[in-house]
A.B. asks: 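Below: one structure in structure tokens.
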Protein chains: 2
Amino acid sequence: MKYKEPTQPTKRANYALLNRKGKLSMKSNKNDRRSQRTRQLLTNALVELMLEKSYESITVQDIIDRANVGRSTFYAHYLDKEDLLTSQFEEAGRHLGEEFSDGDSALFLTLRVFQHTRENYRLYKALVWGRGIEIVFKALEAHLNAHLEAEFKQKLGERPSPIPLPVVTHYITGAFLTLLKWWLDNNMPVTPEDMDRYFRQLTIPSVEGLLDIKFK
Amino acid sequence: MKYKEPTQPTKRANYALLNRKGKLSMKSNKNDRRSQRTRQLLTNALVELMLEKSYESITVQDIIDRANVGRSTFYAHYLDKEDLLTSQFEEAGRHLGEEFSDGDSALFLTLRVFQHTRENYRLYKALVWGRGIEIVFKALEAHLNAHLEAEFKQKLGERPSPIPLPVVTHYITGAFLTLLKWWLDNNMPVTPEDMDRYFRQLTIPSVEGLLDIKFK
DNA sequence: TTCATTACCGAACATTTTGTTCAGCAAGTA
DNA sequence: TACTTGCTGAACAAAATGTTCGGTAATGAA
């Protein structure tokens, strides 16, 4: 979709700073109140739409219609639909990561995530529906896996692990996110506290036995 | 993309039998050797392409170029890119489901999947890369969850479960598929047998303790 | 082998979506 | 108040999607 050579190098061309394929990053923008408002409108629109239909079938036109924002404005902020999605949910992933990291044991912070999920039901629902969950997963995965692995290493001390630690951490994060997804899909049939208890009952005995460590 | 009224109702119009949005199903085709060959070419092309780039960025044009098949031929077989993907991988999901179902305990058949994965490395890699894994997951999920739940019920006998069985089954399938994905992403650093052992070591103690049942 | 069937090809075409440009306007900032 | 910067909206190029159809050739059955 290359365009013809622009007649004149436009003056206010801090628009794009990107190589489309390399996906270097999003566009530059100030913290102007207008910019913030626009971004908010766009992300809200995307979340709303993701509650209604699949991510794939949402067009940029849908988004800007819903957000009531000009077409060029969209492209002034984001490279494309994908960029909007990731920059939105990467943030969510970071938030979640922080929730995990400021406690003593990552395994004891899952409750917070369940609770946080309940409080932000709409966002998470959209997230699970579309492909958002994968992006958050990625953002969260590194964080959570690293944290868990460090924790296990510390608890193991000098002893070697009878099982590769990444296997354990991926097992745990995968199971956790799957349960979270199930819980949302079924409209949260039990309390966050119950979900957390179930998760830990399913996880801790095996892990403690296998690595010969104790939690809490 | 409605088209203008066709001048004449075309004679050979067994092309489409679908409501595009309702996604009723794919198009009708005989088991003509030519049809089979075309489908094979198209699915092979898709798998190849998914090994090279993201599913999203693959166009119908890419596929038919790679498969060396006419544009109209593609649309004679499939509704769109999505349809090709699903009809291909739903089949794979069913195969996997059968692998699971013809043994005594579903939990003891994971080894077969790990082995099967290793033997069909390219297919599974493409599957994990693109969105294929979700589709297989869906196809497999119902099968596996139902199977596990029935097994648990039978083992429990009259006793009530201290935890909703869907929670257990989703936990297990989620953890399993995540491990499978990790294993592939890291180019299978350990043997299928090891992976299976790890998985069972992480799963069985907790489940046996929680439900007070025994496997094997 | 013959013959009717049916899938394929390929090009033309309508339609939709994407991404870019720019001049004028208006909201925000200092 | 100025002046800086983001927004609008329309126009446009490019690309991808999906449909049509006449001609060709592979297929399977008699």
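Just so we're on the same page: letters track the sequence lines, and every chain starts at 1. Worth knowing before you read on, the calculation uses all heavy atoms, side chains too, and leaves out hydrogens, waters and symmetry mates.
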A.B. asks: Would you call Asp80(B) and Asp83(B) a side-chain contact if the rule is heavy atoms closer than 4.5 Å?
C.D. replies: yes
A.B. asks: Report yes or no: do Tyr171(A) and Thr203(B) form a side-chain donor-acceptor pair below 3.5 Å?
C.D. replies: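 Present: a donor and an acceptor within the cut-off.
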A.B. asks: Grab the OH-P distance between Tyr78(B) and dA7(C) for me, whole Å please.
C.D. replies: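 Atom-to-atom, Tyr78(B) to dA7(C), this comes out as 14 Å.
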A.B. asks: Does a distance-only test, which skips hydrogens and angles, find a donor-acceptor pair under 3.5 Å between the side chain of Ser35(A) and the base of dG6(D)?
C.D. replies: no
A.B. asks: In whole angstroms, how far is the P atom of dT20(C) from the CG atom of Asp80(A)?
C.D. replies: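 In whole Å, dT20(C) P and Asp80(A) CG are 9 Å from each other.
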A.B. asks: Side chain of Asp32(B): nearest nucleotide among dA7(C), dG6(D), dG18(D)?
C.D. replies: dA7(C)
A.B. asks: Determine the contact category for Thr59(B): base if any of its heavy atoms lies under 4.0 Å from a base atom, sugar-phosphate if only primed atoms, P, OP1 or OP2 are that close, otherwise nothing.
C.D. replies: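 Sugar-phosphate contact only.
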A.B. asks: Given dC7(D), dT19(D), dA10(D), which nucleotide is nearest the side-chain atoms of Ser72(A)?
C.D. replies: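 Nearest to the side chain of Ser72(A) among the choices is dA10(D).
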A.B. asks: Just the rounded figure in Å: distance from P of dT17(D) to CG of Asp65(B).
C.D. replies: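 It works out to 11 Å between those atoms.
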A.B. asks: Leu85(A) vs Met50(A), test: side-chain contact (heavy atoms from CB on, under 4.5 Å). Steps then yes/no.
C.D. replies: CA-CA 10 Å; Leu85(A) 184 74; Met50(A) 280 171 66; 3.8 Å; yes
A.B. asks: To the nearest Å, give me how far apart CD (Gln61(A)) and C1' (dA15(D)) are.
C.D. replies: 16 Å
A.B. asks: Look at the side-chain N and O atoms of Tyr75(B) and state whether any lies under 4.0 Å from the OP1 or OP2 oxygen of dG18(D).
C.D. replies: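 Result: yes.
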A.B. asks: Looking at Glu193(B) and Arg197(B), does any basic side-chain N land under 4.0 Å from a carboxylate oxygen?
C.D. replies: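 Judged by the 4.0 Å cut-off on N to carboxylate O distance, Glu193(B) and Arg197(B) do not form a salt bridge.
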A.B. asks: How would you label the contact of Asn68(A) with the nucleic acid (heavy atoms, under 4.0 Å): base, sugar-phosphate, or nothing?
C.D. replies: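 Sugar-phosphate, no base atom in range.
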A.B. asks: Let's see if you can work this out: which of dT20(C), dA7(C), dT17(D) has an atom nearest to the side-chain heavy atoms of Arg71(A)?
C.D. replies: dT20(C)
A.B. asks: With a 4.0 Å limit, can you tell me whether Thr38(B) has a side-chain N or O closer than that to the phosphate oxygens OP1/OP2 of dC8(C)?
C.D. replies: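 So the side-chain polar atoms of Thr38(B) do come within 4.0 Å of the phosphate oxygens OP1 or OP2 of dC8(C), strictly under.
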A.B. asks: Roughly, in whole Å, what's the span from CD1 in Ile64(B) to C1' in dG18(D)?
C.D. replies: 11 Å
A.B. asks: Asp83(B) CG to dT17(D) C1': how many Å, rounded?
C.D. replies: 15 Å
A.B. asks: Could you state the NZ-P distance from Lys81(B) to dT17(C), rounded to the nearest angstrom?
C.D. replies: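 Atom-to-atom, Lys81(B) to dT17(C), this comes out as 15 Å.
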A.B. asks: Please check the phosphate of dA7(C) (OP1 and OP2 only) for any side-chain N or O of His77(B) closer than 4.0 Å.
C.D. replies: no
A.B. asks: On DNA chain D, compare the nucleotides closest to Val60(B) and Arg34(B); which residue's is nearer the 5' end?
C.D. replies: Val60(B)
A.B. asks: Would you say the side-chain atoms of Gln40(A) and Asn44(A) include a donor-acceptor pair closer than 3.5 Å?
C.D. replies: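 Asn44(A) and Gln40(A) do have a side-chain donor-acceptor pair below 3.5 Å.
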A.B. asks: Less than 4.0 angstrom from a charged side-chain N to a carboxylate O is my criterion; do Asp62(B) and Lys53(B) meet it?
C.D. replies: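 Looking at Lys53(B) together with Asp62(B), the answer is yes, because their closest N to O distance falls below 4.0 Å.
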A.B. asks: What about the rings of Phe176(B) and Phe114(B), do their centers lie closer together than 6.0 Å?
C.D. replies: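 Yes; Phe114(B) has its ring centre under 6.0 Å from that of Phe176(B).
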A.B. asks: Report for the helix from dT1(C)-dA30(D) to dA30(C)-dT1(D): angle between first-end and last-end helix axes, five pairs each, rounded to 10 degrees.
C.D. replies: 50°
A.B. asks: Can you list everything that forms a salt bridge (Lys or Arg N to Asp or Glu O under 4.0 Å) with Arg33(B)? Sequence neighbours excluded, please.
C.D. replies: none
A.B. asks: Could you state the atom-to-atom distance from CG of Leu79(A) to P of dT17(C) in whole Å?
C.D. replies: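 These atoms are roughly 21 Å apart.
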A.B. asks: Which part of the nucleic acid, if any, lies within contact of Arg33(B), taking any heavy atom under 4.0 Å across all strands shown: a base, the sugar-phosphate backbone alone, or nothing?
C.D. replies: sugar-phosphate
